[in-house]
Amino acid sequence: MLRIEGLSAEIDGKEILKGIDLEVPTGEVHAIMGPNGSGKSTLSYVLSGREGYEVTGGTATLNGVDILAMEPEERAAAGLFLAFQYPVELPGVGNATFLRTALNAVRKGRGESELDAMQFLKVARQRMKALSMPEDMLKRGVNVGFSGGEKKRNEILQMAMLEPSMAILDETDSGLDIDALKIVSDGVNAMRGPGFSALVITHYQRLLDYIVPDRVHVLMGGRIVKSGGPELAHELEAQGYGAIQEGLPSKHRFDGGEAAA
Amino acid sequence: MTTAVATGAAGFLARFEGLKDHLPGARKPWLNTLRADAAAHFAARGFPTRRVEQWKYTDLGAVAQAHFTEPLTMVEGAIALPVANAPDRAVFVDGRFRADLSMLAGLPYRAVGLAQHLDEAEAQLGALAKPQHEPLAALNTMLFEDGLFIDVPAGIDGGLLELVSIALDPGRPFAFHPRHLIRLGAGASLTLIETATGRGQCLHNPVFEITVAEGATLTHGRLLQEEATVFHLSTIYATIAAGGTYDNFTVAAGPRLTRNEIHAALTGPRATCHMNGAQMAAEGQHVDTTTSLDHAAPDCASRQTYKTVLTGRSRGVFQGKILVRREAQKTDGYQMNQALLLSEDAEIDSKPQLEIYADDVKCSHGATVGALDADSLFYLRARGIPESQAKAMLVEAFLHEAVETVTDETLRAALTRALDSWWQRQGAAAA
C-alpha cells in the first residue's frame, strides 16, 4: 500500500505540494482529479523520483518502505511504476532491448532470475496481443514515430511486463480516442487484484467510466481538498472544480496562478 | 659533431635529404620530381599552424615537436593480426605492404603493393593530392614508402576487401606515410574496410587518392582504432564521375590525435557522395573531422552525418565545407553534425561552411551540441534501469544512429563493434 503523509514539495523554490495526505490500500484503485496546475503531475514526479523536485516535508512509503530516499530505479524495483503523461522518444534504443533491460533490471532488484531473449519474447508477445499492439512495435525505437495512442499503449505494455505493486497513471487518457482509451483501460483493469494498486491521475471523469476507482480524491492548490466514492467524479463533471472551491474554507482556496503545471 | 634528431618540418626535410636515394622509385625521374616538388612546398609551408583557417581548432604542435624517424626497414616475420573483417585482406605493417600476411589470391581485380608497381601508378599518383594545397599531402608525397594500389576494371564487382594497417612499437617515435591509390572503372564496385591499429609513439599519415568512374560505387569504411599514443592524420581525395557513388564512413576512436580530412569532388551529373562517421575522444584526446565537398556538376547529391562523443578533458572538431559551383544546378546537399558532451571539461568546435553559387539548389545543414537528455535518462531509470546502464544505452543509441545509414551488413557490424568497444573501454576506465 502507498501511504503519503504531509507531503510538501517545491520546484525552483516554489511550493507546489502543500501537505498531501493520501492512502491507497493494497488492491485498490484511487483516482486523483484536479484542475490544471493543482500539482497532479508534480505528485507523480515526486513519488517516482524525478530530479528538480525538492521534498520539503512529509513522508511517502510503499509497503512500509520509505521511497523518497531512493533513486528512481530503486523505486521501480520496489514495485512503483509511473505511466508517463508524455512518454519520451528514444531514437536508437530498440523497444525490445529497452523492455528486456528494464524487466531484467527490475527482476534483478527483486531477487528474481533474469529472462533470456526467448523467454522475454514469449512474455512480450502475450502482453502485446492483449493490448492489440502489432509485433513490429518491438523492433522500432522506443516511442519513435508512435502515435499518441501507441505511446500510451506502450506505457501500459511496460506496466504489464514489470508487474508493479503500485502504478501511477499520469493523465493516461490524454490524447486517446475512445478505442484506444478502452484498450488502455482494459490493460489496467486486467492488472487489478489483491497485489496491485493504482493511482489514476486525470483531469476528466471520462477515463473513470472505464477504470472505475474505489476512491476519488480532489487535488487543488497542492492539497487533497475532498475525497469520496466514484460518484464524486460525476459530481465534478457536472458541477466543475469551481463548485468544490466555493465550498472550501478560504485558506484552502486554490489560486490557479500560483502553481506550476 | 653529433646533433640531436631535428624536429618539426626541418626534421622531416633533413630525413628526406638523407633518405631520398633509398626511397622506393628513387631511380624514376618522374617520381623524384614529384617528391622534390613536394619537399619544396613542405619546406615553404612547414606544418600547418592554427593561424591557418583549416587548422584553427587542431594544434599539430605535439606532432611537430616529436623526434620522429621513418622506419624504412621492413619488419619481418609473423605478427598478431587484428580480427578479420573480410576474408580478402591487404596487410600493411608500419606502412609497408606485407604480401606474406595478405590474402589477395584470385581477386577479379588488382590489389597490390604500390612500391612494386609505381610505373603503373604514374598517372594517378599526385593527380588529386596537391602538395601546394595541403602540407600533410606534401609530407606524404615526399616520404611515402608504400601503399595499396587497387584497380577495379569497368563492370567488375570487387566485393569486400579489408585494408589492415598495423603500427608496431619500435621503442622510438616513428612516422609512416602510406599512399593508397584506388581506381574504380565505369560501373565497377568495391567495399573497402580499413582497419588501423597501432601502438607506440607514432605518426600515421596516410593519403588516399580515389577515382570513381561513371556509375561506379566505392563503399569505404574506416576504423581508426590506434592506441592513445598515436597521431593519425589522414587525408582523402576522391573524385566521383557521373552517376558514381563514394560512400565513406569513419569511426575514429582511439588515437591521441585524429584528423580525418576528406576532399570529395562530384564532377559528373548524378554523382553521389556520403560522408558519415562517429568520432570519440576521452581524456587528453583530440578528434577532428574536416570535410570539403565540391559540387561541380548538376543533379548531384551529398549527405553528411557526423556524431561526436567526448568524455573527460577532450576536444572535438567538425568542419564541413560544401561548395556548390555555378554549374551545379539541382544540387541536393545535406550536412548534420551532432555532439554529445559527457563531461564539463569536453569541448567541441563545429563549423559548417556553405558556399553556393548556383541558384536552384537544396542545401541544408544543422548542428547540435548537448549533454545526455535528462528526460530520457529519467524515463529509463523510472523503468528500473540503473543510472550508469541508462547512460550507456543512450550513448550507444546516439552512436548507433550514425551507422543506421550503412547498408553493407558486414561493414555495419564492424562499425558497430568498433563503437561498442570504445564505449565499453570508457566504462572500464571509469569503473
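In what follows, chains carry the letters A, B, and so on, assigned in the order in which the sequence lines appear, proteins first and then strands, with residues in each chain numbered from 1. Quick note: numbers below take in every heavy atom, side chains included, and nothing from hydrogens, waters or symmetry partners.
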Asker: Answer with side chain, backbone, both or neither: which region of R75(A) has an atom nearer than 4.5 Å to a non-hydrogen atom of chain B?
Answerer: neither
Asker: Does any heavy atom of chain A fall under 4.5 Å from the side chain of Q389(B), the backbone, both, or neither of them?
Answerer: side chain
Asker: Can you give me the closest heavy-atom contact between G384(B) and A105(A), atom names plus distance?
Answerer: O-CB, 3.1 Å
Asker: Identify the two heavy atoms, one from P72(A) and one from A382(B), that lie closest to each other, and give their separation to 0.1 Å.
Answerer: CB-N, 4.3 Å
Asker: What orientation do F98(A) and Y379(B) show, parallel under 30°, tilted 30 to 60°, or perpendicular over 60°?
Answerer: parallel
Asker: Do other residues, nucleotides or ligands put more than 12 heavy atoms under 6.0 Å from R192(A) CZ?
Answerer: yes
Asker: Are E155(A) and R383(B) within salt-bridge range, i.e. N to O under 4.0 Å?
Answerer: yes
Asker: Check whether more than 12 heavy atoms from other residues, nucleotides or ligands sit under 6.0 Å from atom NZ of K391(B), and answer yes or no.
Answerer: no
Asker: Taking M393(B), E401(B), E404(B) one by one, which has the highest count of heavy-atom pairs under 4.5 Å against chain A?
Answerer: M393(B)
Asker: Tell me, out of G52(A), A102(A), G109(A), who's got the most heavy-atom pairs with chain B below 4.5 Å.
Answerer: A102(A)
Asker: Taking all non-hydrogen atoms of both residues, which atom of V88(A) and which atom of S376(B) are closest, and how far apart?
Answerer: CG1-OG, 3.6 Å
Asker: With a 4.5 angstrom heavy-atom cut-off, which part of P164(A) approaches chain B: side chain, backbone, both or neither?
Answerer: neither
Asker: To the nearest 0.5 Å, tell me how far I385(B) CD1 sits from K108(A) NZ.
Answerer: 12.5 Å
Asker: Please say whether more than 12 non-hydrogen atoms of neighbouring residues, nucleotides or ligands are located less than 6.0 Å from CZ in F146(A).
Answerer: yes
Asker: Got a sec: does the CD of E51(A) have more than 12 other heavy atoms crowding it under 6.0 Å?
Answerer: no
Asker: Is the closest side-chain heavy-atom distance between L380(B) and E73(A) below 4.5 Å?
Answerer: no
Asker: Taking every non-hydrogen pair under 4.5 Å, which of P91(A), G94(A), A77(A) racks up the most with chain B?
Answerer: P91(A)
